[in-house]
Amino acid sequence: MISAQAWSDAVRLWDFHQMRHEPRPCSVAVGLGSHDLSVADTTVELYRRGMAPLIVFTGATSRTTQDRMPRGEAVHYRERAFELGVPERVVLVEARARNTGENIRFSRALLEDAGVDVTSVLLVSKPYEERRAYATARTLWPGVEIVSASTPMTFEAYVESIGEPRLVLDMLVGALQRLLVYPEQGFMIAQSVPHDVRAAYDRLCRAGYTSRLVLG
């Protein structure tokens, strides 16, 4: 059972992780691979709204996705896009990346190799990965405008859609930890974390929601 305090703390982290950027037309939409297929759905919706003329799906597999997406996250995303009627000619796949940094670096290289002029990127992720993806892209893809996007939904609705509440809380905690430690390692830009968000993170760590923390 998840306590009322842990649930409240998780909502606080959920709210902080979202950048609340207004989607606007960009050179390309990059869908970051994960266990959540709705990232592909949202990327397709944004493409249909005219927010990008080209889509890149990026991601290999991880311990979270190897059973759900055995052919690789980006491949499953592409298949989903085709099911939704997106033409093959507008979808590129980067199938090697195993973390957010590689998602950004490999997608950038793919587009450069394809001769695509990129001045802005619509970066589509899970709702609680918006801030992490943004901070990473600002470091690894300088000189382009980064617009964060995700599926608009409440924390409660997201947990229900995934069906594994503890996994979601663990992911929220892991994403916040990376915002705290990765800037010192040069992986992303530093961002201010409000005191109440840090306190919520600390309580969730003490409550044992730590399976997605990085060591060291």
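The first residue in the sequence is number 1, and the count goes up from there.
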Point to revise | Expected output: side-chain T154 to main-chain A157 donor-acceptor under 3.5 Å | key: yes

Check your understanding: Does E102 use its side chain to pair, donor to acceptor, with the backbone of R105 at less than 3.5 Å?
Key -> no

Check your understanding: Below 4.0 angstrom, N of the basic side chain to O of the carboxylate: do D202 and R198 qualify?
Key -> yes

Review point. Got Q191 and F16 here, is their nearest side-chain heavy-atom distance under 4.5 Å?
Key: no

Exercise for review: List, by chain and then residue number, the residues other than I189 in its hydrophobic cluster (Ile/Leu/Val/Met/Phe/Trp/Tyr, side-chain heavy atoms under 4.5 Å); write none if there are no others.
Suggested key: M19, V28, V30, L32, L54, V56, L92, I104, L110, L111, V116, V118, V121, L123, Y134, L140, W141, V144, I146

Review point. Within the side chain of H76, is there an N or O that forms a donor-acceptor pair under 3.5 Å with the backbone of R71?
Key: yes

Point to revise | Sub-4.5 Å side-chain heavy-atom contact between V124 and Y47 | key: no

Review point. Above 12 or not: heavy atoms from other molecules or residues under 6.0 Å from CZ of R89?
Key: no

Review point. Taking it one step at a time, do S125 and E130 satisfy side chain to side chain donor-acceptor pair (under 3.5 Å)?
Key: CA-CA 6 Å; S125 66; E130 277 194 25; 5.6 Å; no

**Study point:** Mutual orientation of the aromatic rings belonging to Y158 and Y128 [parallel < 30°, tilted 30-60°, perpendicular > 60°]
**Key:** perpendicular

Point to revise | More than 12 heavy atoms from other groups under 6.0 Å of CD on E184 | key: no

Review point. Any donor-acceptor pair under 3.5 Å linking the side chain of S3 with the backbone of A6?
Key: yes

Point to revise | With Y209 via ring-ring contact (aromatic ring centres under 6.0 Å, His included) - residues at least two apart | key: none

Exercise for review: Could you please spell out the steps behind the side chain to side chain donor-acceptor pair (under 3.5 Å) verdict for T151 and T42?
Suggested key: CA-CA 6 Å; T151 306; T42 297; 2.4 Å; yes

Point to revise | R24/E145 ion pair, N-O < 4.0 Å | key: yes

Exercise for review: Just jot down the salt bridge (Lys or Arg N to Asp or Glu O under 4.0 Å) partners of R108, sequence neighbours excluded, or say none.
Suggested key: E112

Practice item. Flag the pair D9 / W7 as yes when at least one side-chain heavy-atom distance between them is below 4.5 Å, and no otherwise. Key: no

Review point. Do D36 and K126 meet the salt-bridge criterion of a basic N to acidic O distance under 4.0 Å?
Key: no

Point to revise | Sidechain-backbone polar pair: S8 side chain, A4 backbone, donor-acceptor under 3.5 Å | key: no

Point to revise | Student check: side-chain heavy atoms of L180 and L176 closer than 4.5 Å | key: yes

**Study point:** pair L204-L169: side-chain heavy atoms closer than 4.5 Å
**Key:** yes

Check your understanding: Should V75 and F106 be regarded as members of a common hydrophobic cluster, given that ILVMFWY residues are connected when their side-chain heavy atoms come within less than 4.5 Å of each other, either directly or indirectly?
Key -> no

Point to revise | Flag for T58-E94: side-chain donor and acceptor within less than 3.5 Å | key: yes

